[in-house]
Amino acid sequence: MDSEKYKKCASEQEEKFESICLRCGECCGALDDVCVNLVKTKTGNRWFCKEYNDRFKLQKTVSGKSFRCVSIREHILNDTLRPNCAYRAS
Ligand code: SF4
Ligand code: SF4
């Protein structure tokens, strides 16, 4: 596979993987001590990360606790997905 085809294929796979997320916000603490970067969409029924492209570093919750944001792949590998996470069924 040439480099352009590989990039296109990788980008499509990434998009497909990201589209599984329901944006419930549970993995970012929406049900308890939420990450300061998590904000609600205008309709108010979904969440998004305002630092998504720069998220993998130390972050804080609204109560001031520090934590390191990790990828969903890392949650899958470590079996730490939230009970209702859409990636459990995928
Ligand atoms: S930084 Fe990480 S934990 Fe915080 S809202 Fe973004 S994705 Fe969620
Ligand atoms: S818990 Fe799963 S479905 Fe919900 S926002 Fe996090 S990754 Fe997406």
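Order of appearance sets the numbers: ligands from 1, and atoms from 1 within every ligand. Heavy-atom basis, side chains included; hydrogens, waters and symmetry copies ignored. None of these values were measured; they are calculated from a predicted model.
- The contact set between ligand 1 and F67, taken as ligand atoms under 4.0 Å from a residue heavy atom, comprises 3 (S).
- Of all heavy-atom pairs spanning G25 and L38, the tightest one is O-CD2, 3.8 Å.
- Scanning the protein heavy atoms around atom 5 (S) of ligand 2, the nearest turns out to be G25 N, 3.3 Å.
- Counting the atoms of ligand 2 from 1 in the order shown, those under 4.0 Å from a heavy atom of Y87 are 7 (S).
- The distance from ligand 2 to the heavy atoms of I72 drops below 4.0 Å at these ligand atoms: 7 (S).
- Protein heavy atom closest to atom 4 (Fe) of ligand 2, with residue, atom name and distance, is C24 SG, 2.3 Å.
- Pairs engaging residues 64-90 under the ring-ring contact (aromatic ring centres under 6.0 Å, His included) rule: F17-Y87 [sequence neighbours left out].
- Contact check on K5 versus E12 returns no salt bridge, with no Lys/Arg side-chain nitrogen under 4.0 Å from an Asp/Glu carboxylate oxygen.
- Note on atom 2 (Fe) of ligand 1: protein N/O/S atoms under 2.8 Å are C69 SG.
- Proximity to L22 (heavy-atom distance under 4.0 Å) selects the following atoms of ligand 2: 3 (S), 8 (Fe).
- Among residues two or more places apart in sequence or in another chain, the salt bridge (charged side-chain N to carboxylate O under 4.0 Å, His left out) test is passed with E18 by none.
- With sequence neighbours excluded, no residue forms a salt bridge (charged side-chain N to carboxylate O under 4.0 Å, His left out) with K42.
- The heavy-atom pair separating L81 from R88 by the smallest distance is O-NH2, 2.8 Å.
- What sits closest to atom 2 (Fe) of ligand 2 on the protein, heavy atoms only, is C85 SG, 2.3 Å.
- Hydrophobic clustering (side-chain heavy atoms under 4.5 Å, transitive across Ile, Leu, Val, Met, Phe, Trp, Tyr) groups W47 together with V62.
- Atom 8 (Fe) of ligand 2 has its closest protein heavy atom at C21 SG, 2.4 Å.
- Here E51 contributes atom CD and C35 contributes atom SG; the two are 9.0 Å apart, rounded to the nearest 0.5 Å.
- The NZ atom of K60 sits 12.0 Å away from the CG atom of N37 when rounded to the nearest 0.5 Å.
- The side-chain heavy atoms of T41 and R23, taken from C-beta on, include no pair separated by under 4.5 Å.
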